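Working notes, structure below.
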Number of protein chains: 2
Amino acid sequence: MTELLVASNRGPLSFRVHDGQLTAQRGGGGLVSGLASVSATTDVLWVCAALSDTDRQAASQAPGGYLEKAGYDTGGASVRMLDIPPDTFDRAYNVVANSVLWFVHHMLYDTPRRPEFDRAFRGDWQAYVEYNTAYADALAETAAPGAKVLVQDYHLALVPRLLRERRADLRIAHFTHTPWAPPEYFRMLPDDVATELLTGILGADHAGFLSPRWASAFVDCCADVLGAAVTSDTVGLADRTTRCGVHALGADGEFLAERANADDVETRMQAIRAKAGDRQLIVRVDRTELSKNILRGLAAYRELLRERPQWRGKVVHVAFAYPSRYGLPEYRDYAAAVEELAAEIQDEFGTDDWQPLLLQVDDDFARSLAAYRLADVLLVNPIRDGMNLVAKEGPVLADHGVTLVLSREAGAYDELGDDAIAVNPYDVSGTAQALHEALSMPADERAKRCRRLAEAATGLPPAQWFADQVAALD
Amino acid sequence: MTELLVASNRGPLSFRVHDGQLTAQRGGGGLVSGLASVSATTDVLWVCAALSDTDRQAASQAPGGYLEKAGYDTGGASVRMLDIPPDTFDRAYNVVANSVLWFVHHMLYDTPRRPEFDRAFRGDWQAYVEYNTAYADALAETAAPGAKVLVQDYHLALVPRLLRERRADLRIAHFTHTPWAPPEYFRMLPDDVATELLTGILGADHAGFLSPRWASAFVDCCADVLGAAVTSDTVGLADRTTRCGVHALGADGEFLAERANADDVETRMQAIRAKAGDRQLIVRVDRTELSKNILRGLAAYRELLRERPQWRGKVVHVAFAYPSRYGLPEYRDYAAAVEELAAEIQDEFGTDDWQPLLLQVDDDFARSLAAYRLADVLLVNPIRDGMNLVAKEGPVLADHGVTLVLSREAGAYDELGDDAIAVNPYDVSGTAQALHEALSMPADERAKRCRRLAEAATGLPPAQWFADQVAALD
C-alpha cells in the first residue's frame, strides 16, 4: 500500500526496441523532477499508460504492470504502466483528450464546422470513461488508507470522482496543465459530457491550475453549467467543497544550466552562428501545435521586414517548429502552411549573403538550448497557453540577456508580463511592432529585464511545485 | 431640423435600373415598421448608406442625398442616403463589419489561422472610422437641439461617441442586433480597436440588446477591456454613465398573417405538398450564414434517419438555405459543403417514391411563408444568434401547430425556451434526438405549445420595439 500516488497519461519511462531488446528511456519534465525529490523518503507509486506498442509489450511483461519489478530503473518510485486496449486508448487520448478537450480549453475550433458531437463521438466518450476508470481502479487498489493522490491533467478529469466513489478515505488533488475554457466556449460540449468533466474534477479535494485566469474560468464553468455554489476559490456541490489553487510551475534552473553547458549544445551554437553570423537572433521554440501561433509569428516577422527595412540583413529568425500530433489532419495542414509561409519569406527577402529565416522542423533538444543561449529576442506568442515553459527557460539560459516578446494569453504572462513586451497574439501588426521594439532595446535594459525574468521564471521550480500540490492536501 | 433620427447601414429603399430608369424598391423589417408607426406625427430622418452602384446613383442625384426630395416614396420619413466612396464602404462593411465584428460576436473564427490583424487591417479599420464619421457628420448637421438619435447595429458602433463629440446636446441610443462576444473572445481584437468599439457605444445614453446575455457580455467587456465601473445594467466611464437595456424584438404577427394568406403562398404550399405528400415536414429557413449551423442540422437529420429507421419514408426535411455574403470565400465554401452533404443524404436514403430532403438555395419569401404554414417541426439551431426571427415567425404562421427545435444559443431562447425542445447546437446526436421527440409529439401537445410560442413571439412587435428604444431616451 502506498502513501503517495501520482496518475498521468505519460509516465517517466517509454520503451523502444533496440537490437531486438526492449529498452527503457527516461523522460523529463516537472513530474519526474518532482517525484525524484520525494521518492527517497516516501513510498510513491506512479500510474501511467502504455503509449505505444513497445510500451504495451513492456507493461504486459512486467508483473502487474509494475516496471520496477521487471528490473527497469524507475528512479526510486514504483511505476505501474496500464495496458489499456489500443482502440480504447486511441479514442480516449487522440479523440477526446487531444481533439476535443485540448481544442475546447485552447479555443481552437473552426466553430462553423467543428466540433460535431455525433454518434461516433459517443463511442469515443465511452472510451474516455473506460480509460479514466482503469486509472481509478489501479489507484484504488494500491492506495494506503488516507493516502494522497495527485491526478494530472485533462486526460484524467474523471479520475477524482471515480476514485472517490471507490475510496472515500483518500485525499485527492487534480492538476490542470492546460488553460480552462470560459463558460461560453465550454458550453459547446454535450451537456452530460460537460457535467461529467466538471463533477469529475470536483471529486478532488483540491483542484490546481497554472494561472488564476484558468482557476477562475473553472469556477465560472461550475457555476454556469452545474449551478454550483462558488466563491473565488471554492466550488461547493452537494455536500462537498473543492478548493481551487494556483501552482505556477517554474523552470528547472539547475537542470537547464547544467544541460545547456554540455558539448553537444556548444556544437550547435557554432552551427547556428555559422549560418547567422553575428546578426541579432529572434528565436522561437515550439511544437507545431495549433495553439502556438507559429503562422502569425512568421507573418509578424514578414511585416517587420516589409515595414522596417532597416532590419533587413541585420536579423535572423531562428524558428524551431517540432513535430506534434502528426496523426491529426489539422496538424499536418498547419505544419505544411508553416513551411509554405517560411518559404515565401525566404523568397521575398533572402539574398546571397543573408538567409532571413532558419526554420527547423526536426526535434533536437540540444539545439533548442543552443538557441536559447544565443537568442537576442525570444518570441512566445501563443493564442492561449496553460503556462508556456519556453518563455521561462529562455531567459534562464540567455548568455547575454534576451528580450521576451510574450503573448498576454499565456499563463506565464502572470509572472513575466512586467518585464516582457506584451503582445495580443491575433495582432500581427502589434507583434511586428513588438519585435521592432525588442530588437531596438539597449543591451543594458535587455540584460536587466532578463535577470528579473529569470528570477521570476524559477520562482517555483518543479520539485517545489510538486511539493506544493502534496501540501495542499494536508 | 429633426426631432428623431435613425441611423443604419441599410435604409428603407434600394434602387435598381428597370427599363433604363432608376426604380426604388421598399424594404421591410423592424425599423421600417417602427418608423412608419411614428412618422405620421413626428418629424423623422433616416440616415443610411448607398449599398450599390444604383443606390449611389440615386443618392448622388437626390438633393443633399435626401431621397424624398427627388420624389421617391419614403413612407413619410425623410431619408438621407450617404454616398460613401465605394472602397471605403467595401472595407468598412465587408471587411470590418462583416468579416471581423460579425465573426467576433458570433464566435465564428477558425482561431489558429484567423483573424490576422495585419497592416492591411489597419487600412480597413481606418475605412470603418471614416464610414462611421460620415454618419456622425450627417446626423450632427440635421438634428434639432436635444433631438433623439437611434443608432443601429455593429456597423455603426463608433457613431454614438463621434456624434456626442459633435453634439453634446443630443440624446443618443445604440442598438446591437447581434450577440455580444464574451471578454475572452472579444480580447482577440487589437487593443485600440476593442477600446474604440466599446467607448464608441458608450457615447450613447442607452445601449440596447436583444437578450440579457448579450447585454451582460457587453458590460463584462467594458469591465475587462476598459476597466469601467459597471453594475448589471450600467457602465460608467469618465464622467458619463450608459444604461444597458434589453428590447427583445418580436415577430410582426399582423403583417405575417396577411402576407401568408396571399395567392403566391398558396401556390407554393401546393408545390411543396406535391413533392412531399402528406409526410411530416421538418422545416428550416435560413440564410446560408456560418452562424446558422446548417451543416450540423443536416448531419442531425442524417443521424435521425440512420438511427431511427422508423422515420424513413415518413418525413421530409424542407431546408431553405438562401444565398448570403457570397463575396466571402468562407461563405462560398460553406454553401458548397451544404449542397454536398445534402446530396449525400439524398444518395444514402432517397428512394423512387421518397425524396428525404428538399434543399432550396434560391431566395423566395412566399415559399418561406408556405413552409412555415405547413411545418410540423421547425429546426432553428444556430451556433450563436442575436435573436433569430425564424423561430418567432414559424409558430405564428403554422396552420396546424409546429414543434420548435431551438438552439439555446439564440436570443429567442429567452422567450421561447419553455415551449421549445432545446438543443446544444454542437451536439448533433442531441439534435437528432430532439428531432425524434419533435416528430413524435402528439398533435394536441404540439398545438398547445405552438399557441404559447406564438404569443411569446409577438410580445414585442416591431412598432413597440421601436417605440421602446425611443422611450428609453426620455
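The figures that follow rest on heavy atoms only: side chains count, while hydrogens, waters and symmetry mates do not. Throughout, protein chains are lettered first and strands after them, A, B, ... in sequence-line order, and every chain is numbered starting at 1. Keep in mind that this is a model prediction, so the values were computed, not measured.
Residue contact with chain A, scored on non-hydrogen atoms closer than 4.5 Å, involves the side chain of B/Ala337 exclusively. Using a 4.5 Å cut-off between heavy atoms, B/Arg213 touches chain A through its side chain atoms alone. Both the backbone and the side chain of B/Leu108 come within contact range of chain A, judged by heavy atoms closer than 4.5 Å.
Heavy-atom proximity under 4.5 angstrom to chain A picks out B/Arg187, B/Met188, B/Leu189, B/Pro190, B/Asp191 from residues 186-195 of chain B. At a heavy-atom separation below 4.5 angstrom, chain A is approached by B/Asp110, B/Thr111, B/Pro112, B/Arg113, B/Arg114, B/Pro115, B/Glu116, B/Phe117, B/Asp118, B/Arg119, B/Arg122 within residues 110-128 of chain B.
Of the listed residues (A/Arg306, A/Arg408, A/His106), the one with the most heavy-atom contacts under 4.5 Å to chain B is A/Arg408. Ranked by non-hydrogen atom pairs under 4.5 Å with chain B, the options A/Glu330, A/Met107, A/Lys292 are led by A/Met107.
Between B/Tyr331 and B/Tyr326, the gap from one ring centroid to the other reaches at least 6.0 Å.
Scanning both residues, A/Asp385 and A/Pro179, for their nearest heavy atoms gives C-CG, 3.7 Å.
Of the possible polar contacts, one joining the A/Thr288 side chain to the A/Ala321 backbone as a donor-acceptor pair under 3.5 Å is found.
Between the side chains of A/Glu409 and A/Ser407, no donor-acceptor pair of N or O atoms lies under 3.5 Å. Between the side chains of B/Asn381 and B/Arg284, a donor-acceptor pair is found at a separation under 3.5 Å. B/Asn424 and B/Asp427 are not linked by any side-chain donor-acceptor pair at a separation below 3.5 angstrom, with hydrogens and angles left out of the test.
Taking CH2 of B/Trp180 as the start and SG of B/Cys244 as the end, the distance is 10.0 Å to the nearest 0.5 Å. Here A/Arg296 contributes atom CZ and A/Thr431 contributes atom OG1; the two are 9.5 Å apart, rounded to the nearest 0.5 Å.
Using a 4.5 Å cut-off on side-chain heavy atoms (C-beta onward), A/Arg302 and A/Glu344 make contact. Side-chain atoms of A/Ile282 and A/Val405, non-hydrogen and from C-beta on, never get closer than 4.5 Å to each other. The closest side-chain heavy-atom distance from A/Glu184 to B/Glu184 is not below 4.5 Å.
Residue A/Tyr154 forms a ring pair (Phe, Tyr, Trp, His ring centres under 6.0 Å) with just one option from A/Trp214, A/Phe218, A/Trp102, and that option is A/Trp102.
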